[in-house]
There are 2 protein chains.
Amino acid sequence: MTTGSDETAPTRPTSRDVARAAGVSQAAVSLVLGDKWRGRVAEATAERVRAAARDLGYRPNLAARNLRLGRTRTALLVVPALTNEFFAGVYTGAARVAAEHGFGVVLYPSPEGTGPARDPFDSARAALDGVLASSMASDAVAAIRGDGLPLVMLDSDPGETPATGTATVNLDIADGMRQVTDHLLTLGHRRFLHLASAVSSWTFDVRAHELAARTAHVPSADIRTVRSALTVQAARTAAHAALTTPRPRPTAIVCDDDKLATGAYKAARGLGLRIPEDLSVTGFDDLSLATAVEPELTTVRLPAELFGERGMAALLAVLDGRTPETTALPVELVIRGSTAAPAPPS
Amino acid sequence: MTTGSDETAPTRPTSRDVARAAGVSQAAVSLVLGDKWRGRVAEATAERVRAAARDLGYRPNLAARNLRLGRTRTALLVVPALTNEFFAGVYTGAARVAAEHGFGVVLYPSPEGTGPARDPFDSARAALDGVLASSMASDAVAAIRGDGLPLVMLDSDPGETPATGTATVNLDIADGMRQVTDHLLTLGHRRFLHLASAVSSWTFDVRAHELAARTAHVPSADIRTVRSALTVQAARTAAHAALTTPRPRPTAIVCDDDKLATGAYKAARGLGLRIPEDLSVTGFDDLSLATAVEPELTTVRLPAELFGERGMAALLAVLDGRTPETTALPVELVIRGSTAAPAPPS
DNA sequence: CCCTCGACGTTATACGTAAAACCTAAAGGC
DNA sequence: GCCTTTAGGTTTTACGTATAACGTCGAGGG
């Protein structure tokens, strides 16, 4: 029924309404409310304007302001999944820095897995000034590149920075993996299973590369790799399959993130293996999951909020025409109960 | 250095540029690209326009469109925390329905805990048509109410629907809690610990009320309540404190959500209590955490995506001037390994 | 006494789009 | 032959804001 339309359309007041109420011109309202009235409008008049705005419940029309200014002071943060605590931290940091500069941050969780939806980015697109995107959400990023928006990639390959208006911010993933590998090597482990992410991106490629490089000059070191989707269930299945092949069983499972490690826990339990006596397990990210499982997980802590802060700072720099300096943020190995020396080959 | 400004400002092409390139008026471009050209523009001309738009890489200016149309086709989803898988599901459902109607959804994670930041909503505000808000993010909602935006509350008290342009969508939390309570009562439990959320909102109040109501007519039934922030660590501390008081130990812990239940697990383990032999534990939400812990958790599964779909449908109805019908969506008890009959009082 | 200058505003304009109102020419009806 | 209709567009306007450009009035200086 589109018939019943009330006549008193309660349309939101505009700056012109405020002007009428205060007995001034619309321009004066804009000056006062935009805090640019010093030496242009008398204090008494300004107060009258503010009072009128308050009375009418005036809220500026964002669309009009954005159109006039040619910018929106809004940035998009593209994340691979909403459930990831790590990206929650990234958001928090990014939002804080953005707010300090009068910017807002809007989230776009890239639809996972199910192939590229028809223009996966378009529906979420608010009017944006720039984009901060995780390298893990690569399918969504492609659509964004075409829009010519300033773009800062999170944890993408710093070597290739093709387009202008594009920058990269990184965590020192390589060093994190180095610390994990050295820790396990020092404990005496030689046979590794690498439970890797099925989605390929720089941040995961680095892990594999560093694990291989670090063990390359260790005699008798052996690495097997198995890939899995980034869920506990998928990891459990993948780990179970890998642990039941006839080959000599690995003494340590190195996982690309904590969810995968939790899957490894469940697979090990299912096979009657004790952690860490029969099998050491390491994770990556240090999510709350890492301390929820038993035993608590040895993993690599990432400075998520700082990462978000740096990313947003880089984006603001790009928007400002400056070139952001790019550094890799340090990460930290957290040793807990899931790693120990392997049982001697009896 | 704001001195170096390049002269070839690569400004985005407008519909007027497209018009020039295609040799038509700007209005014709708008008609063609807006798919309203049937019987108004010749097919050949339309094709010329589309080609020009493609060549120039034309993207319509959202701010201008929003201003012109007076609406943005964008809704805000206010969630209490980004890490919550439940709200990830809600988002997925809401985004799907929104997309079917040409709407986009933007997320606003209400800053948790640390008191109301200065206008917590303002910084994230894109130009919005309406808001979908969790009742758990109550502080942010207050700011939104003032803006006069159409608002649909998720899991808020359906009894009080004060403002116009406001509706409520609910899950049948009461029934979920009824099922939990009945399950435990049937197993023979009589002494309960209710590990409740420290943040108060309708969705949690219902749990407490139903637990009390359901056990009221059971002789010798006893309930103690302890509140905790919604994190594993806080829950562990709270549960530990409650389990070490001199009073007779409860045989079952009923938790307001799965995170709290995980905290209860850790507290129990720390005290040498076995689950479920010495202590039954129940959760709420059925997050992936529920199957990551050992033993897997008996909990209540919530139809998160359906909830998001219904919420967005209700918001779209309100925006359309219709009155959404309000129903409580069914929930389901999932019985796993964390509940069993209590040990006989030997 | 004229000119300048600062204080206090106002008027006018542009941002890019959508759509209502308008125009023109050719085809068709009677 | 004149009137109507229809296809195929164009001209114009409005959305609400920010700001550059422009007035105006009184005080003060020379």
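Protein chains get the first letters and strands the later ones, always in sequence-line order, with residue 1 at the start of each.
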- How far apart are the closest heavy atoms of B:Thr14 and B:Tyr58, and which atoms are they? C-CE1, 3.5 Å
- Task: For A:Arg65 and D:dT19, give me the distance from atom CZ to atom C1', rounded to whole Å.
- Result: 13 Å
- Per B:Ala28 side chain, nearest of listed nucleotides D:dT17, D:dT10, C:dT17: D:dT10
- C:dT17 P sits how many Å from B:Arg16 CZ, rounded? 8 Å
- Message: Can you measure A:Gln26 atom CD to D:dC15 atom P for me and round it to whole angstrom units?
- Response: 12 Å
- Euclidean distance, atom CZ of residue B:Arg59 to atom C1' of C:dT17 [Å, nearest integer]: 17 Å
- Query: Closest to the B:Leu67 side chain: D:dG16, D:dG9, C:dT11?
  - Reply: D:dG16
- So A:Leu77 and A:Met312, side chain to side chain contact (heavy atoms under 4.5 Å, CB included) or not? Walk me through it. CA-CA 9 Å; A:Leu77 176 61; A:Met312 183 52 66; over 6 Å; no
- Message: What is the distance, to the nearest angstrom, from the CH2 atom on B:Trp37 to the C1' atom on C:dA19?
- Response: 18 Å
- Where the side chain of B:Val24 is concerned, which of D:dT10, C:dT17, D:dT19 is the nearest nucleotide? D:dT10
- Answer with base, sugar-phosphate or nothing: what part of the nucleic acid does B:Ser25 contact at a heavy-atom distance below 4.0 Å? base
- Could you tell me whether A:Arg54 and A:Glu47 make a salt bridge, using a distance below 4.0 angstrom between a side-chain N and a carboxylate O? yes
- Note on the structure: Rounded to whole Å, the CG-P distance (A:Leu69 to C:dC15) equals 13 Å
- Ranking D:dT19, D:dT10, C:dT17 by distance to the side chain of A:Ala27, first place goes to D:dT19
- Listed in order of residue number, which residues of residues 43-58 of chain A have a non-hydrogen atom at under 4.0 Å from DNA chain D? A:Tyr58
What nitrogen or oxygen pairs link the protein and nucleotides 21-28 of chain C at under 3.5 Å?
none

- Query: Of all of residues 29-36 of chain B, which get a heavy atom below 4.0 angstrom from DNA chain C, listed by number?
  - Reply: B:Ser30, B:Lys36
- Task: Please name the pair of heavy atoms, one in B:Ala314 and one in B:Val152, separated by the smallest distance, quoted to 0.1 Å.
- Result: C-CG2, 4.0 Å
- Query: How close or far is atom P of C:dC15 from atom CG of B:Asn66, stated in whole angstroms?
  - Reply: 18 Å
- Please tell me which of the listed nucleotides, C:dT17, D:dG16, C:dG9, lies nearest to the side chain of A:Val41? C:dG9
- Query: Do you know the tightest heavy-atom contact between A:Asn170 and A:Ser156?
  - Reply: ND2-O, 3.0 Å
- Taken to the nearest whole Å, CG/A:Asp17 to C1'/D:dT17 is 13 Å
- Query: What distance separates A:Glu309 CD from A:Arg96 CZ, expressed to the nearest 0.5 Å?
  - Reply: 4.5 Å
